[in-house]
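Below: the structure, in structure tokens.
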Amino acid sequence: MSLRGKAAIVGIGETPADRLGGKPGDPRKITSQYLAWAVRLALEDAGLTKKDLDGQGLAAIYTTNHSQPFWPEEVAALLGITPAVSLAGGNGGASAVSLLGQAAAMIKAGLVDLVLCLAAAAPFSEHGRDRMEPVDTRDFEMPFGVMGPNCKISFVMSRYMHESGMTTDHFGKIAVTARYHATLNPNAYLRKALTLEEYKNGRLISDPIRLYDCVMPANGGKAYIMASPERARTLRKPPVYLLGWGERNNASAGPRFQANPLITGIRESGRAAFEMAGVSHNDIDFLGLYDDYVPIIMLQIEDLGFCGKNDREFFEKTDFTFKGDLPIQTGGGIINCGQPSTTGGMVHVIEAVRQLRGEGGARQVPDAKIGLVTGLGAVNYGKNFGCTAAAILGNSETVR
Amino acid sequence: MAETSREIPKPLPEITPVTQPFWEAAANGKLVMQHCSDCQSWVWCPRPACVECGSEKLQWTQVSGRGKVFAFTVIREVVGRALRGFAKDIPYVTAWIDLEEGPRICSNVVGCPIEKVAIGMAVDVVFEEAGPGIFLPKFKPRL
Ligand SMILES: [Zn+2]
């Protein structure tokens, strides 16, 4: 089923990231407050009211502290809306991009003509229980002192450096570029320029991962509203259309007991998105790649086919800034905007909408018509990401 | 943060009907993994059925315990309350070991200075007691 042009993003809402509750005496703000705030911003952006959401679609993303089985219903109760269809985002950081396709499918099927997709988390203000871990992690990683994703992605990065010969110069260039974009994004959290030297001097967290390779937790809420093309054309802002979409979970490059961890499921979800969109690599004006760690950005650029595997020269020669050959992380990415648990997956969707509306301000990609965003979630035992999704978005010119 | 004098426990595996044979063998100094009688694939981590062909005819089979370091990291910071018990061991090495038979196992490289650990290094399994009756398969450099 092609979803090309069958639904559009018509509203975005993003609260500033903060770390309230991290220090004694800080005012506290809880998840429901960030949710309500993000939804209000998204409704205002679209020119809709809360009442418009009754009888429509709701997609609520589970977060670390809110994974109760009825979370979408609780969100509806917190906001006071009555959805006709509820979806849950259970793909971790990939959920925001994954739900683009699921919401568009519901709209194309005619079940609803609006879908509100949202997520929020307040890890500094809400101290949750110990999280439920997957059984492989609980039984075969934690007893050995595996420190979560930091450790697991450091395995991937260690192998990547071994096979590709990439050095801190290569990783640092990506980190510095993303931070440069964050200095131009008023909604970013880390907005002070980062130098290559500072990147290289970042303290080792889990060799070879250093401080500036890692995403930073934050409190915050984010939302987007999708609509049918007919509805979208009646609303306030220029619609941003879903052109292509693909998802692949539990991908395994090679036998499942010994997969190649340097090939992610983005290879397949990205290919599906390109096929549905009917566009080529040259048509893509910018990339927003899920970035809980710097090396993962590079693996995705390879897996999407913008260069070959281990292509050091490509990473050395390409200008990844918003005015360059292949702009990436134009708003600074999750690494610089903060990661309110799985809400972080919204960062690239929201930034892509801004770019495709021409709202990119000082970091606007010139003449941006088409952007590609990805989402990643969970890190599987002995491999890389369990959940992967890719979407290609375009402005009105691309669906004529 | 101030720590109490009693030792902070490390997380232990939960023994389930699926994983019990693995931990029983480990307590007897044997590294075993599931092997599919139908498609001849190895299956790791333990599963109720073969993740390649779906067969439930999985045989627990002893493997050599010989392998090579495929990737590794040095843990330098504790992340998360559940893992505070590892603070006193820092820095230490966690690694992916590719066994001669094929499966990749996540474990520690022990009995070796951290700076000597390298990708491709040959290692052999050793079992370390982590709790009552729980023995973890770890890996030391082959002499
Ligand atoms: Zn089989």
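Computed over heavy atoms, backbone and side chain alike; hydrogens, waters and symmetry mates excluded.
Both the backbone and the side chain of F70(B) come within contact range of chain A, each with at least one heavy atom under 4.5 Å from a heavy atom of that chain. Contacts between V93(B) and chain A at a heavy-atom distance below 4.5 Å are absent for every atom of the residue. For P91(B), no part sits under 4.5 Å from any heavy atom of chain A, backbone or side chain. For L83(B), the parts lying near chain A are the backbone and the side chain together; criterion is any non-hydrogen pair under 4.5 Å.
Taking chain B as the reference chain and counting heavy-atom pairs below 4.5 Å, the highest number among N150(A), V135(A), L204(A), V156(A) is found for L204(A). Annotation: maximal heavy-atom pairing with chain A below 4.5 Å, among A130(B), S41(B), A95(B), G80(B), occurs at A95(B). Note: P137(B) leads G85(B), G131(B), P137(B) in heavy-atom pairs under 4.5 Å with chain A. Most heavy-atom pairs under 4.5 Å with chain B: of the set R203(A), K383(A), R159(A), M161(A), this distinction falls to R159(A).
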D136(A) vs R47(B), side-chain contact (heavy atoms from CB on, under 4.5 Å): CA-CA, chis, key distance, verdict
CA-CA 10 Å; D136(A) 293 345; R47(B) 290 290 184 262; 2.8 Å; yes

Could you go step by step and tell me if F155(A) and T73(B) meet the side-chain contact (heavy atoms from CB on, under 4.5 Å) rule?
CA-CA 6 Å; F155(A) 291 146; T73(B) 184; 3.7 Å; yes

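Between the CZ atom in F86(B) and the CE atom in M147(A) there is a gap of 6.5 Å [rounded to 0.5 Å]. The distance from the CZ atom of R104(B) to the OH atom of Y381(A) is 10.0 Å, given to the nearest 0.5 Å. For the atom pair F257(A) CZ and H35(B) NE2, the distance stands at 8.5 Å (nearest 0.5 Å). Note that CG of D139(A) is 6.5 Å distant from OG1 of T16(B), once rounded to the nearest 0.5 Å. Within the model, atoms CG of L211(A) and CD of E77(B) stand 8.0 Å from one another, a figure rounded to the nearest 0.5 Å. With rounding to the nearest 0.5 Å, the separation of CD1 in I119(B) from NE2 in H162(A) is 5.0 Å.
Put simply, the residue from V74(B), I75(B), V79(B), T94(B) that forms a side-chain contact (heavy atoms from CB on, under 4.5 Å) with S206(A) is I75(B). Of the candidates D98(B), I105(B), L99(B), Q258(A) forms a side-chain contact (heavy atoms from CB on, under 4.5 Å) with just one, namely D98(B).
Residues P11(B) and E133(A) are not in side-chain contact: their nearest non-hydrogen atoms beyond the backbone lie 4.5 Å or more apart.
Between the side chain of R256(A) and the backbone N or O of E52(B) there is no donor-acceptor pair closer than 3.5 Å.
Aromatic ring orientation, F140(A) versus W44(B): perpendicular (interplanar angle above 60°, classes split at 30° and 60°).
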